[in-house]
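These values consider heavy atoms only, across backbone and side chains, with no hydrogens, waters or symmetry-generated copies.
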Amino acid sequence: MKFILLLLLLVFPIFAQAPARDRRITYTPNTDTHYTMPVYKDLAEWQQRSAQIREQILTASGLNPMPQKPPLRHLVYKTIEHDDYTIESILLETMPGYFVGGNLYRPVGKTGPFPGVALPHGHFNNGRIENQVNVSTPALGINLARLGFVAFAWDMAGYNDTMQTPHDFSWPPKGQGARGTRELLWSFTPLALQGWNAIRAVDFLMSLPDVDPNRIAATGPSGGGTQTFLLAAVDPRIKVAVPVNMISASMQGGAECESAPNLRFETFNVEIAALIAPRPMLMISASGDWTKNTPREEYPAMSTIYELFGKSSNLEMAHFDAPHNYNKASRETAYRFLAKYLLGRPDNGPIPEPPTQVESSSEMLALKGRGMPEGALHYDQVFARWREMLAEEKPSRTRLLQAMGAEWPSDVVAEIDGERITLTRPKTGDRVNIVHVSGAGPAIVIVHPDGADAAKSLVPAEREAYLVTAFETGKAVEPRNTSDRYFVGFNRTDDANRVQDILTTLAWLKRPGVELKGVGKAAIWCTFAAASAPAEVTLDAPLGAFAGSDEDFLRDFYVPNIQRAGGLAAALAILRGNDSKLPTGQPAAQQ
């Protein structure tokens, strides 16, 4: 099949030394990699970079573009009344048929509207109702209400009242490495679901008549700290953020809900949390966990971003000699910071937390002894509803590139040694090996699943050809370590890298109308490369039995998030130049 794409961009080759080994093989970061904050020369450079990271977070969460939000519904199961606060146990329907349990803490005897505070919890046994010396979300919510805030604490997936999915889903079982599951193709992960729930929690707070929608904050510890800075990074409605014991350069989160495919490509938690700047942020850290270096490492790195805005005073740090926590001392510091920016109270130091009587777990839950509401979905139905909710009508080249973590490179360096050519993108340190066959007529690029040498017999007589050995193909395969469970959260899959190598080759050639031929499985790589390339390409890539089903992708083209971006149907629609029709005779993608 042949399709013509409009030429939008030309990239001229630069001749220089290519790296000795492909960095995509030698460097495979993971959650325990120790990162260093990049240096940004000015605010414009940071703002360009922060926009890219924000898009990356939303893509990894399946929320790019943001789906249309269904109407919110919440069910109040009980109300606990005290002299100076109330606690409501509720279920919040964040999408039709999916219910999230929570507690709403409200002031009594004060006049609103009040600031709202979102309270995501961490990986403590009792979730949002955990009440012990090192952490107590109920004590946090109660004392925020006493101070004049409306606070909402809600469950992580698989905790307490929120049991329609387990907490651990979508990721491959431990020990199975980079090969994923059907859910990952659709961006259906705990992080994505909880990111959506967090956004809906903010919607809920802002909908309450006693909440000032212009004064919304978020704070949480551990995994709740991850949720706090991810939410604040993508949602400008969060005006103040207090992520607790989680912003680290050396540990990026060790749980299912703290990672997602594509999330940390060339970035890490400190840089992600910096997207909160210049809004006020308090970094709370402790000597007894992975935030132990915050005073001399993460806080100075974060300060460089606030300095670009001229808002250094909006960033604060509080470091405690304590184990992993959100304890009384940490909470008292958070009360001060939140009251300073959202209540206009003088900054006179930590606000003491009075003795707090916390109700029993059964009193705090909504569903204790009760069944789920009518219409509640089971796991497979929740997954199906997610796919329906995130359906995208218009195929997008940008979405495909984002799903694959690929780019149309602006800078390609070439090293030529006779018929052998090695390409690299200098900023990535990758290597693309090519064999050049001299000839006449329009150039043809051929990609064979066994590499350039296997493609030599396919060169048309007397045609000029460029034979590409795509990533991890050919004779000199050097397997990389993909054993880490969250590998695809930090590294691109082999298939995504193969598409990138084809894009890099096309960008370097800078020839409109070049023919791109893919053989066997390489036809799939070429199809997605041609659909993603903003250049004129004539494609010859028979897909055979590959029809775009989830099983097809898992077997032959494993790229997480690819179905969320429209999958094969989107690629073919882009190639045809018609967003609503597929090419004649081409099988429709099965979903």
Side-chain angles (χ1 to χ4, degrees), residues 82-87 103-122 124 128-153 201 205 210-212 214-222 224-225 227-229 231-232 238-247 276 279-286 291 294 313-322 324-358:
H82 291 270
D83 291 341
D84 50 356
Y85 66 91
T86 63
I87 307 173
N103 294 113
L104 184 65
Y105 300 84
R106 279 178 151 139
V108 170
K110 296 181 182 293
T111 302
F114 307 105
V117 186
L119 303 179
H121 68 79
F124 306 99
R128 77 174 201 265
I129 57 176
E130 184 76 26
N131 179 42
Q132 41 116 332
V133 172
N134 282 331
V135 62
S136 176
T137 299
L140 176 65
I142 288 168
N143 287 291
L144 284 171
R146 285 170 166 167
L147 288 169
F149 296 90
V150 173
F152 180 53
L205 275 171
D210 54 344
V211 169
D212 180 352
N214 296 310
R215 290 185 292 162
I216 304 294
T219 182
S222 191
Q227 290 186 72
T228 295
F229 66 70
L231 171 65
I238 301 299
K239 304 303 183 185
V240 181
V242 184
V244 179
N245 287 37
M246 202 59 232
I247 300 178
I276 298 169
R279 291 165 288 168
M281 175 166 60
L282 170 63
M283 301 170 64
I284 295 181
S285 55
T291 61
T294 295
S313 62
N314 280 1
L315 177 68
E316 296 185 25
M317 179 200 68
H319 191 69
F320 295 93
D321 186 11
H324 194 57
N325 77 92
Y326 202 172
N327 61 20
K328 184 172 179 287
S330 296
R331 295 194 298 269
E332 289 175 341
T333 300
Y335 301 146
R336 174 201 56 84
F337 191 80
L338 293 168
K340 171 183 175 181
Y341 284 100
L342 296 177
L343 294 176
R345 287 182 54 152
D347 188 351
N348 296 321
I351 297 176
E353 181 181 282
T356 304
Q357 180 64 43
V358 174

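The side chain to side chain contact (heavy atoms under 4.5 Å, CB included) test with V117 singles out one residue from F149, Y105, F152, and that residue is F149.
The minimum heavy-atom distance between G148 and P115, with the atom names listed, is O-CD, 3.3 Å. Closest of all the heavy-atom pairs between S330 and I284 is O-CD1, 3.6 Å. Nearest heavy-atom pair across L205 and A118 is CD1-N, 3.8 Å. When every heavy atom of P138 is checked against every heavy atom of V358, the shortest pair comes out as CB-CG1, 3.6 Å. The shortest heavy-atom contact between P107 and A145 is CB-O, 3.3 Å. The two atoms that bring R146 and P354 nearest to each other are NH1-CG, 3.5 Å, heavy atoms only.
No donor-acceptor pair under 3.5 Å is formed between the side chain of S136 and the backbone N or O of N134.
The CG atom of N245 sits 10.5 Å away from the CE atom of M283 when rounded to the nearest 0.5 Å. If you take CD1 on I216 and CG on L231, they are separated by 10.5 Å, rounding to the nearest 0.5 Å. A distance of 7.0 Å separates OG1 in T86 from CG in L104, rounded to the nearest 0.5 Å. Expressed to the nearest 0.5 Å, how far OG1 of T294 lies from CZ of F320 amounts to 12.0 Å. Here the CG-CG distance, from L119 to L140, works out to 5.0 Å after rounding to the nearest 0.5 Å. Going from atom CG of L342 over to atom CZ of F337 covers 9.0 Å, rounded to the nearest 0.5 Å.
Under the 4.5 Å side-chain criterion, counting only non-hydrogen atoms from C-beta, L338 is not in contact with L147. By the 4.5 Å heavy-atom criterion applied to side chains, R279 and I238 are counted as neighbours. Contact annotation: the side chain of T333 never approaches that of E316 to less than 4.5 Å [non-hydrogen atoms, C-beta and beyond]. Between E353 and Y335 the shortest side-chain heavy-atom distance falls below 4.5 Å. Contact check for V133 versus N327: no side-chain heavy atoms found under the 4.5 Å cut-off.
Note on residues 103-112: pairs passing salt bridge (Lys or Arg N to Asp or Glu O under 4.0 Å), not counting sequence neighbours, are E88-R106, R106-D210.
Annotation: D347, atom CG; neighbour count of heavy atoms from other residues, nucleotides and ligands within 6.0 Å is above 12.
The ring pair (Phe, Tyr, Trp, His ring centres under 6.0 Å) test applied to Y85 returns H82, not counting sequence neighbours. Judged as a ring pair (Phe, Tyr, Trp, His ring centres under 6.0 Å), and not counting sequence neighbours, H319 has no contacts. Listed by chain and residue number, W154, Q227, T228 satisfy the side chain to side chain contact (heavy atoms under 4.5 Å, CB included) test with P120 (two or more places apart in sequence, or in another chain). Residues satisfying the side chain to side chain contact (heavy atoms under 4.5 Å, CB included) criterion with P113, sequence neighbours excluded, are D212. Residues passing the side chain to side chain contact (heavy atoms under 4.5 Å, CB included) test with S222, sequence neighbours excluded: F124, H324.
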Walk me through it: do K340 and L282 pass the test side chain to side chain contact (heavy atoms under 4.5 Å, CB included)?
-> CA-CA 12 Å; K340 171 183 175 181; L282 170 63; over 6 Å; no

Take N143 and R331 through the test side chain to side chain contact (heavy atoms under 4.5 Å, CB included) and record every step on the way to the result.
-> CA-CA 9 Å; N143 287 291; R331 295 194 298 269; 5.8 Å; no

When you look at V108 and D83, which way does the side chain to side chain contact (heavy atoms under 4.5 Å, CB included) test go after all the steps?
-> CA-CA 7 Å; V108 170; D83 291 341; over 6 Å; no

Dump the intermediate steps for side chain to side chain contact (heavy atoms under 4.5 Å, CB included) on T137 and N103, then the final yes or no.
-> CA-CA 10 Å; T137 299; N103 294 113; over 6 Å; no

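Ionic pairing of R336 and E332 is not present here: no N-O contact between side-chain nitrogen and carboxylate oxygen is shorter than 4.0 angstrom.
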